[in-house]
Amino acid sequence: MIAGEEMGWIGLKAQDGQALRAWEAKAEGKPQGALVVLQEIFGVNAHIRALCDRYAAHGWHALAPSLFDRAGGPSAGLGYQAGDMAQGRALKGRLTDEQALLDVNAAVDHASATDLPVAVIGFCWGGTLAWLSACRNPKLTAAVAYYGTNIAGYRTETPRVPVLLHFGEHDTHIPQADVQAIADAQPQVRIHRYDAGHGFNCDERPAFHASSAALAADRTFAFLKEHLSC
């Protein structure tokens, strides 16, 4: 734990009454804003919790709702082996995006209660949810998505707030034609492509690409400071 920070699990309740947990990390001193961090299909695992802690160390109030609580997922999240991938896909298959968004909204409501500007930042499945939140949740100020797997499927929905998207040029889960379709449908959205594959930001996966992750992080922090800093 970094001196001056507080982090750990808290409880939330969605609009439909569903109880869920969220990992919360608070910045030392006055935060620049609040970030709702949205998981991959591996849950709020050690990597997502570490991301929240890292964002808090950079001056943001970070909160990651456990979207698999609704589906009975493991409390500590999953790893990155083949069995974990299968379990994550099975858990996601028990949920609709609309159900997950109820839990995202609960986290946004909690973050909004701090009177800070709020952004969502999502990865993989969470990237898709970040896009949908940017289009549907009026309490947000900005959104960032890393390799959102089905943003193309929702590309006709227009974001209410500024959005930054990161994609790998060698992503076998997201064809470049889909990335271009998003760019064509929403030309105002800022899109960056990297010489990397899917999951390039996760330093616990073989797909981790350090230089792309560092560049994406720099661009993300600049974007957040541009739109959120209070």
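Note: hydrogens, waters and symmetry copies are ignored here, and every other heavy atom, side chains too, is used. Here, residue 1 is the first one in the sequence, and each next residue gets the next number.
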**Prompt:** Side-chain donor-acceptor pair under 3.5 Å between T149 and H198, yes or no?
**Reply:** no
**Asked** salt bridge (charged side-chain N to carboxylate O under 4.0 Å, His left out): which pairs involve residues 33-44, sequence neighbours left out?
**Response**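 Found E40-R205.
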**Message:** Listing request: all salt bridge (charged side-chain N to carboxylate O under 4.0 Å, His left out) pairs with a residue in residues 15-24, at least two apart in sequence or in separate chains.
**Reply:**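 For residues 15-24: D16-R70, R21-D69.
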Spatial distance of atom [atom1] ([X]) from atom [atom2] ([Y]) [nearest 0.5 Å]:
X: I41; Y: D84; atom1: CD1; atom2: CG; answer: 9.5 Å
X: D203; Y: H47; atom1: CG; atom2: NE2; answer: 6.0 Å
X: W60; Y: I121; atom1: CH2; atom2: CD1; answer: 10.0 Å

**Prompt:** Can the ring centroids of F42 and W125 be said to lie less than 6.0 angstrom from one another?
**Reply:**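 No: the rings miss the under 6.0 Å criterion.
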**Request:** Examine Y147 together with F167 and report whether their ring centres are nearer than 6.0 Å.
**Result:**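 Centroid separation for Y147 and F167: 6.0 Å or greater.
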**Request:** Only counting residues at least two apart or in another chain, list the ones meeting ring pair (Phe, Tyr, Trp, His ring centres under 6.0 Å) with F223.
**Result:** H227
**Request:** Quick one: list whatever passes side chain to side chain donor-acceptor pair (under 3.5 Å) with H170, sequence neighbours left out.
**Result:** D195
**Item:** Under the side chain to side chain donor-acceptor pair (under 3.5 Å) test, residues paired with D184 that sit two or more places apart
**Value:** Q180
**Request:** Name all pairs fulfilling the side-chain hydrogen bond (donor to acceptor under 3.5 Å, both in side chains) condition that reach into residues 126-138, sequence neighbours left out, sorted by first residue then second.
**Result:** N105-N137, R136-E157
